[in-house]
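This report refers to the structure that appears directly beneath it.
As the structure is a computational prediction, the values presented were derived from the model and not from experiment. Note on naming: letters A, B, ... go to the chains in the order of the sequence lines (proteins, then strands), and numbering restarts at 1 for each one.
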Amino acid sequence: MLEGKYNFKETEAKWQNYWQEKGVYKFKEKSNRPTFSIDTPPPTVSGELHIGHIYGFSQADMYARYQRMLGKNLYYPLGFDNNGLPTELLVEKKKGIRAHTLPREEFTKIALDLVADYNQSYRDMMVRTGMSCDLNLGYNTIDNRSQKTSQKSFIDLAMRNIAYRDNKPSPWCCKCRTSVATAELEDKELDSIFNYLNFRLADGSGTIPIATTRPEFLPACVAIFVNPEDERYSCFVGKMVKVPLFEDNEVKVLTDAKVGIDKGTGIVMCCTFGDQTDVEWWREYKLPLKQAIDDGGRMTEIAGKYAGMKSAEARKAIIDDLKEQGYLYKQDAITHAVKVHERCEEPIEFMAKKQWFIRTSTPELKQKWVDLGNELNWHPESMKVRYMAWVNNLNQDWSISRQRYFGVPFPVWYCASCGKPHFADIKDLPVNPLSTSYNGKCECGSSQFEPETDVMDTWATSSVTPQINCNWAEDEQECASRMPMDMRFCGRDIITTWSLRTIIKAYYHQGTLPWKDLMVNGWVMADKGVKISKRFANSKMSLKDLLENYGADVIRYWCANGAYGRDVLLSDDGVKDGYKLVNKIWNASKFVLSFLQDYTPSKPSKILPMDNYIMHKFNEAFNATTKAYQDVEMGYAKTEIEKFFWNFCDNYIEIAKNRLYKPEVYGIEAKESAQWACYNVLLGVLKLFAITLPHITEEIYQDYFRAFEGEESIHLTVLSPIKVDEDEAIIACGDEVVDIVSKIRQFKSENKISMKTQIESLDITSANNEFIASVDYDIKAVGGIKKLTTSNGESNLTFGAIVPDEQ
RNA sequence: GGGAGUUUAGCUCAGUUGGUAGAGCACCUGCCUUACAAGCAGAUGGUCAUAGGUUCGAGUCCUAUAAUUCCCACCA
């Protein structure tokens, strides 16, 4: 028996434990039910989960629960991404150690220990918010299975010349001391100074003006560019120019159309490398390479007296010297957007280092990514546009090397004499070349090898999660039979990185899509335009506080808001909404079940019209709700069933309760008919709500329905409409009765009398007068009408006198 | 500069193939009604960003403009 007020804290914890103990969400290895497999994005282990994570996860969880309740066997793992820079930084901070001071294995071991605690707290949070993942199917992206998959992927691509090594200058973060992918860069508005310098012509015939924000790059100046159309400067083209402060360096004035005539002075110095354009010029004009800044952001030897200074200090010193020596003739303070590393917000430099790349950007490949994107089912469809736009703009191959110590190592050694790469044997993976030596011989005759010290970017592993899930490293046939997986979900920010790269890897390795469906959720915004992030983890809207204050069901209710894929604004008021529904479900169930205590469900010989109506009405809502789930619209689904449920409570229960209370007045058949309808409708409603609100629905199911339905959890029951006899007219007729009841209430409200106050008589004219007459006992009871008459005609209600309440 | 969203009630948002503008919250008026006052009943509230166009008919389709968000490019 349900009693008292609903206690979400006790109840939620109770069923969360029960689900884990009973293995309700476990993937059944041997099952003849169809499998539905989900490539859960492994969250990055770097701190605490926040409502933003839960927003995406819980919406996907609802779709997963819907699939489970269609009778499918769910493969729904929960992995963790912990092989990347964020985890390395976390370990360094928490343990007070520096990664590069320890052997890789040792640091990885410490990391795995630390990460185990974080994983557990993430897992606990996922359980506490009602996720139905199978916790036994998890993986860490730094564990052996993931390393093996990732290394095998790399070797496979390298053997096929899809992965290649090159010393392309690429973005470099001096703070993190690693190269970073262009996709990991962000723009940041920074204050800076435009310095106008006079460069002296080598022949002593004058000076030319050049504006720069980065004078510390002067030692790396390798050429001067003007626009070929710019007549002002055509006289300088081909002449040699002395670099200020470094006058031993003479560079040539060249022309290139990329120079903006009206930017700065219209003359640019090209340094290796100030920005992407410098890189392009360097390559195109085969300019020399001068590295003015080292890995850690300090000036190199070519900077002469500035060597060893941090670039910012050098900039100051150089500006002072430029002033002193008369090169600087003007300074303008400006604000400009600078590319920064998204992790640490440090401005990036370009550094020429040997890096591994994966081919992604030829026109043929780009077309392939477009075709694959078109084959994939996008939810919502509009997200495809972002993917297409990104693919069409792809102009660089995917750099996967990172000069870090923690991560998945490249299983490769280079010949000490000729430099040829030699790869580990696939059967030996995972391999760390720093601790294992290569036992072969190079074709050049050498048997001396240098191990690769770089590790792979975390995306190189994150992009093979389908292969990790489908056991590609151990059994290619098994993998082939399990791919594509059914569904992956992710935030809209990583369509371009994660999704595209996963598609690329699946294409290269399996020749298929990684998944059939891709769900792309929006962001939780803390305020207009401000994405919720770790910084909000400790606010009063932290996930922990939200769970304490409202419980998982209420939070999930909030997550299933509106159209899928849209951003939402987080607010206390908004989250509160779900409480009303949870409370209502509790009270309505408590009430309805109190009339079903000595009841064995069986179809009665006679079903009264309004009971028949509510069951048909439920089926209508059932169809609308399941259609919305089929369309991956969790918010619409929730709205559909909620709309029905509220109508069920406020209209149907009000009607039925009279017959349930007083069988001596209305007859035992009238009670049994209502009991049958109540049993079926409440069970049906709970099953549909179980997708959004897994806890309260389980509580009520276990309290009453389980004894009749058998399944050990409501989450293992299968969705189905109520079996009813066809009756085309019933919904319209019943709706009219509901409408009449509403008009009676309106009449009472306008007359400011209580709903229980009796009315002497009501005369109804309606085209459905026969149906109305057939349920006159229900209308009279719910409306407090003493005498009801009906006749055929245009819809109209005529009220008699109000009977004064007895004192 | 190129592209993609968004703009609907005081607030947060729905609005499917073009056909009488919706919900929740807030506000207001009533009601202690044998589940729920954290409830129930009812009422108020909109020039659908602006201006054109197509159409018998436009929140919905087309064009332009504005505000706002995001992505890409540029950023010497």
Pairwise [atom1] distance for [N] and [M], with rounding to whole Å:
| N | M | atom1 | value |
| --- | --- | --- | --- |
| C48(B) | G15(B) | C1' | 11 Å |
| U55(B) | A49(B) | C1' | 23 Å |
| G52(B) | U60(B) | P | 14 Å |
| C40(B) | G57(B) | P | 44 Å |
| U17(B) | C31(B) | C1' | 44 Å |
| G18(B) | C13(B) | C1' | 23 Å |
| C25(B) | U20(B) | C1' | 26 Å |
| U34(B) | U16(B) | P | 43 Å |

Check your understanding: Going by the salt bridge (Lys or Arg N to Asp or Glu O under 4.0 Å) test, which pairs reach into residues 578-591 of chain A, not counting sequence neighbours?
Key ->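 Matches after skipping sequence neighbours: K584(A)-D650(A).
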Where the side chain of [X] is defined as all heavy atoms beyond and including C-beta, which of [options] is the nearest nucleotide?
| X | options | result |
| --- | --- | --- |
| N583(A) | A38(B), G42(B), A35(B) | A38(B) |
| T277(A) | A41(B), C75(B), C40(B) | C75(B) |
| K584(A) | A38(B), U33(B), A35(B) | A35(B) |

Review point. Do the side chain of K384(A) and the main chain of W378(A) share a donor and acceptor less than 3.5 angstrom apart?
Key: no
Review point. Are any side-chain N or O atoms of R659(A) and backbone N or O atoms of Y666(A), one a donor and one an acceptor, separated by less than 3.5 Å?
Key: no
Revision key, fill the gap. Applying salt bridge (charged side-chain N to carboxylate O under 4.0 Å, His left out) to K9(A) and not counting sequence neighbours gives E548(A)
Which part of the nucleic acid, if any, lies within contact of [X], taking any heavy atom under 4.0 Å across all strands shown: a base, the sugar-phosphate backbone alone, or nothing?
| X | value |
| --- | --- |
| V592(A) | nothing |
| K339(A) | base |
| A588(A) | base |
| W646(A) | sugar-phosphate |
| T757(A) | nothing |
| D275(A) | sugar-phosphate |
| N751(A) | nothing |
| C270(A) | nothing |

Practice item. Start with the C-alpha distance between L682(A) and F705(A), add both sets of side-chain angles, then the distance that settles side chain to side chain contact (heavy atoms under 4.5 Å, CB included), and finish with yes or no. Key: CA-CA 10 Å; L682(A) 182 60; F705(A) 291 99; 3.9 Å; yes
Check your understanding: Once each nucleotide of nucleotides 20-27 of chain B is scored for protein heavy atoms under 4.0 Å, what B/S/- sequence comes out, 5' to 3'?
Key -> ----SS--
Counterpart residues, side-chain contact (heavy atoms from CB on, under 4.5 Å), relative to [X] (two or more places apart):
| X | result |
| --- | --- |
| E284(A) | D256(A), K258(A) |
| E229(A) | N227(A), I261(A) |
| A223(A) | F225(A), L254(A), C270(A), L287(A) |
| E664(A) | K662(A) |

Practice item. Answer yes or no as to whether A38(B) has its base stacked against Y579(A), where stacking requires a ring-centre separation under 5.5 angstrom and planes under 30 degrees apart. Key: yes
Review point. For Q746(A) and A43(B), is the shortest distance between a side-chain N/O and OP1 or OP2 below 4.0 Å?
Key: yes
Practice item. Answer yes or no: does a side-chain N or O of R566(A) lie under 4.0 Å from OP1 or OP2 of A14(B)? Key: yes
**Study point:** 5' priority, RNA chain B, between V385(A) and W281(A) [closest heavy atom]
**Key:**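 Upstream on the strand: V385(A).
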Practice item. Take K590(A) and G274(A), find for each the nucleotide of RNA chain B with the closest heavy atom, and name the residue whose nucleotide sits nearer the 5' end. Key: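 This one resolves to K590(A).
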Point to revise | Set of side chain to side chain donor-acceptor pair (under 3.5 Å) partners for N651(A), sequence neighbours left out | key: N647(A), R745(A)
Practice item. With sequence neighbours excluded, tell me which residues meet side chain to side chain donor-acceptor pair (under 3.5 Å) with E346(A). Key: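 Scan of E346(A) (side chain to side chain donor-acceptor pair (under 3.5 Å), adjacent residues dropped) gives none.
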Practice item. Determine which pairs satisfy side chain to side chain donor-acceptor pair (under 3.5 Å) with at least one residue from residues 551-561 of chain A, sequence neighbours left out, and list them in order. Key: D61(A)-R556(A), D553(A)-H695(A), Y557(A)-E642(A)
Exercise for review: Take the protein atom NZ of K366(A) and the nucleotide atom P of C72(B), then report the distance between them rounded to whole Å.
Suggested key: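 Checked: the NZ to P distance equals 15 Å.
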Check your understanding: Which of residues 654-665 of chain A sit near RNA chain B, with a heavy atom under 4.0 Å from it?
Key ->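 Correct list: E654(A), K657(A), Y661(A), K662(A).
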Study note, to complete from the structure: Which of V222(A), L218(A), V243(A) passes side chain to side chain contact (heavy atoms under 4.5 Å, CB included) with M269(A)? It is L218(A)
Review point. When Watson-Crick pairs (N1 to N3 and N6-O4 or O6-N4) and G-U wobble pairs (N1-O2 and O6-N3) count only below 3.5 Å on both distances, what is the dot-bracket string of RNA chain B, with | for other-strand pairs?
Key: (((((((..((((.....[..))))..((((.......))))......(((((..]....))))))))))))....
